[in-house]
> 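Attaching a single structure in structure tokens format; questions to follow.
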Amino acid sequence: MLMNNSPSIRYAHPAPYPPVQVSAQNPAYARQMLSNIGSANSEMSAISLYLYNAQVTGCAFEEISSCFYQIGMVEMHHLDIFGKLALKLGADPRLWSWQNRQRVYWTPGFNQYPREIKALLTNAITGEKAAIRKYQSQIACIEDPDIVANLKRILLDEELHVEIFTGLYETYAC
């Protein structure tokens, strides 16, 4: 069982974050960072979902609630990093992404909101794994070493989040 009050639990990987910088402005890379900010599979979607999850689990599942809250704080840091990268790459870092050559604003309608613990944790694990695949794909196609370094560091956090949510699932949903 996870002990969220334990000083040994970490919600972010211990590796330092690299500087938030880019080699040069690049509209294609900027669009990818905007996707990380405000698409359906984005840091904003994770933050809003985790805040909701923390609230609805708070009374009955304090440990789960605390984990969602703490992981949401880490996701806010990721959102900040991607926003700064997008700005440095030449984009306006609003909560939007580009789809079919049009801007699409982020909406809470992107999220699913299960309330049953098993479905709630499964949804969180699925979302974290989708973020991991997305960042791995970006790492494979982006040639700016500064952006890649930030993606790789954020990836470490997302992998840790899968471990935490999986542990919660094994404790509370099996």
Side-chain angles (χ1 to χ4, degrees), residues 1-15 17 31-83 85-86 93-100 102-138 150-151 153-174:
M1 183 166 149
L2 294 171
M3 301 299 284
N4 67 357
N5 295 325
S6 167
S8 64
I9 188 114
R10 290 185 178 265
Y11 299 99
H13 191 277
Y17 288 92
R31 284 190 296 276
Q32 290 187 58
M33 296 306 104
L34 290 174
S35 174
N36 297 345
I37 293 169
S39 69
N41 177 8
S42 69
E43 296 296 330
M44 188 63 210
S45 291
I47 292 163
S48 64
L49 181 64
Y50 295 170
L51 176 60
Y52 173 82
N53 289 351
Q55 291 171 344
V56 300
T57 59
C59 293
F61 299 96
E62 186 178 319
E63 181 178 25
I64 293 173
S65 176
S66 179
C67 284
F68 273 115
Y69 179 80
Q70 295 299 326
I71 290 171
M73 298 299 286
V74 175
E75 303 294 4
M76 281 189 225
H77 184 62
H78 298 168
L79 181 70
D80 183 56
I81 291 169
F82 287 132
L85 287 171
R94 296 183 192 187
L95 293 178
W96 61 15
S97 60
W98 285 89
Q99 296 174 10
N100 300 321
Q102 292 187 342
R103 285 178 275 204
V104 176
Y105 278 92
W106 179 84
T107 171
F110 285 153
N111 285 336
Q112 296 178 25
Y113 298 94
R115 293 192 59 169
E116 187 267 325
I117 290 299
K118 186 173 187 175
L120 186 142
L121 290 168
T122 298
N123 188 45
I125 292 166
T126 300
E128 291 289 338
K129 287 181 177 179
I132 289 168
R133 287 189 303 275
K134 180 179 188 176
Y135 300 155
Q136 288 171 333
S137 175
Q138 290 175 348
N150 277 278
L151 285 164
R153 174 56 190 82
I154 289 169
L155 197 59
L156 295 175
D157 289 340
E158 306 301 4
E159 291 167 343
L160 178 61
H161 299 165
V162 170
E163 290 178 29
I164 292 169
F165 290 143
T166 300
L168 290 170
Y169 183 91
E170 290 169 355
T171 300
Y172 292 98
C174 285

> Going from OH on Tyr172 to OG1 on Thr57, what distance comes out if it is rounded to the nearest 0.5 angstrom?
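Answer rounded to 0.5 Å: 10.0 Å.
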> Looking at Tyr69, I want to see if its OH is surrounded by more than 12 non-hydrogen atoms of other residues, nucleotides or ligands under 6.0 Å.
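12 or below, so no.
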> Please check if the side chain of Ser137 supplies one atom and the backbone of Arg133 the other of a donor-acceptor pair under 3.5 Å.
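Judged by distance alone, no pair lies under 3.5 Å.
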> Looking at every non-hydrogen atom in both residues, tell me the closest pair between Ala119 and Glu116 and how far apart they are.
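Looking at all heavy atoms of both residues, the closest pair is N-OE1, 3.0 Å.
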> Hey, what do you get for NE2 (His77) to CD1 (Ile154), rounding to the nearest 0.5 Å?
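Answer rounded to 0.5 Å: 7.5 Å.
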> Under a 3.5 Å distance rule, please check whether Ser66 uses its side chain to pair with a backbone N or O of Glu62 as donor and acceptor.
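Here the side-chain-to-backbone pair does not exist.
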> Which value, rounded to the nearest 0.5 Å, describes the distance between Ile117 atom CD1 and Leu168 atom CG?
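If I round to the nearest 0.5 Å, the distance is 9.0 Å.
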> Counting distance only, does the side-chain N/O of Arg153 pair as donor-acceptor with the main-chain N or O of Ala15 below 3.5 Å?
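Yes, the answer is positive, given that a donor and an acceptor are paired below the 3.5 Å cut-off.
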> If you look at every heavy atom in Gln112 and Asn123, which pair is closest and at what distance?
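Result for this residue pair: O-ND2, 3.4 Å.
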> Just verifying a value: how many Å separate His161 NE2 and Leu156 CG, rounded to the nearest 0.5 Å?
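Output value for this atom pair is 10.5 Å.
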> Please test Val162 against Glu158 for side chain to side chain contact (heavy atoms under 4.5 Å, CB included), starting from the C-alpha separation and ending with a verdict.
CA-CA 6 Å; Val162 170; Glu158 306 301 4; 5.9 Å; no
> How many angstroms lie between CD1 in Ile164 and CG in Leu121, if you round to the nearest 0.5 Å?
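Ile164 atom CD1 to Leu121 atom CG measures 12.0 Å (nearest 0.5 Å).
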> Determine the sole option in His78, Glu43, Gln138 for which the side chain to side chain donor-acceptor pair (under 3.5 Å) test with Asn36 is passed.
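Going through His78, Glu43, Gln138 one by one, the side chain to side chain donor-acceptor pair (under 3.5 Å) with Asn36 is satisfied by Gln138 alone.
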> Checking side-chain polar atoms at under 3.5 Å, does Asn150 have a donor or acceptor matched by the opposite partner on Tyr135?
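No, no side-chain donor-acceptor contact under 3.5 Å.
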> Which heavy-atom pair separates Ser97 from Ser35 by the least distance, and what is that distance?
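Result for this residue pair: CB-CA, 3.9 Å.
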> Scan the side chains in residues 102-109 for donor-acceptor partners under 3.5 Å anywhere in the protein, sequence neighbours excluded, and list what turns up.
residue : atom : partner : partner atom : Å
Tyr105  : OH   : Arg94   : NH1          : 3.1
Trp106  : NE1  : Ser45   : OG           : 2.8
Thr107  : OG1  : Gly109  : N            : 3.1

> CD/Gln32 to CG/Leu151 distance, rounded to the nearest 0.5 angstrom?
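Gln32 atom CD to Leu151 atom CG measures 8.5 Å (nearest 0.5 Å).
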> Can you confirm whether Ile37 sits close enough to Met44 that some side-chain heavy atom of one is under 4.5 Å from a side-chain heavy atom of the other?
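Counting from C-beta outward, Ile37 and Met44 never come under 4.5 Å.
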> Check Tyr11, Tyr52, Phe165 against Phe68 for a ring pair (Phe, Tyr, Trp, His ring centres under 6.0 Å) and give me the one that passes.
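Per the ring pair (Phe, Tyr, Trp, His ring centres under 6.0 Å) rule, the option paired with Phe68 is Phe165, out of Tyr11, Tyr52, Phe165.
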> Side chains of Met76 and Asp80: closer than 4.5 Å at any heavy-atom pair?
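When only atoms from C-beta onward are counted, Asp80 and Met76 do not touch, as no gap falls below 4.5 Å.
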> Which atoms form the tightest heavy-atom contact between His13 and Leu160, and what is the distance?
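Reported closest heavy-atom pair: N-CD2, 3.7 Å.
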> Give a yes or no on whether Gln136 atom CD has more than 12 heavy-atom contacts from other residues, nucleotides or ligands under 6.0 Å away.
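Check passes, neighbour count above 12.
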> Lys129 side chain to Ala124 main-chain N or O, any donor-acceptor pair under 3.5 Å?
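No; judged by distance alone, with no hydrogens or angles, the pair does not exist.
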> Mind checking whether Tyr113 and Leu120 have side chains closer than 4.5 Å, heavy atoms only?
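With C-beta onward as the side chain, the pair stays apart.
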> Is there a donor-acceptor pair closer than 3.5 Å between any side-chain N or O of Ser65 and the backbone N or O of Phe61?
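No, Ser65 side chain to Phe61 backbone: no donor-acceptor pair under 3.5 Å.
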> Tell me, do Glu128 and Glu75 make a side-chain contact under 4.5 Å, heavy atoms counted?
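Side chain of Glu128 against side chain of Glu75, heavy atoms only: contact under 4.5 Å found.
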> Quick one: does Ser42's side chain have a donor or acceptor within less than 3.5 Å of a partner on Ser39's backbone?
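Checked: pair present.
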> Within the side chain of Lys134, is there an N or O that forms a donor-acceptor pair under 3.5 Å with the backbone of Asn41?
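Side chain of Lys134 to backbone of Asn41, a donor-acceptor pair under 3.5 Å: yes, one is there.
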> Please collect all salt bridge (charged side-chain N to carboxylate O under 4.0 Å, His left out) contacts where either partner lies in residues 46-58, sequence neighbours excluded, each pair once.
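Every pair satisfying salt bridge (charged side-chain N to carboxylate O under 4.0 Å, His left out) with a residue in residues 46-58: there are none.
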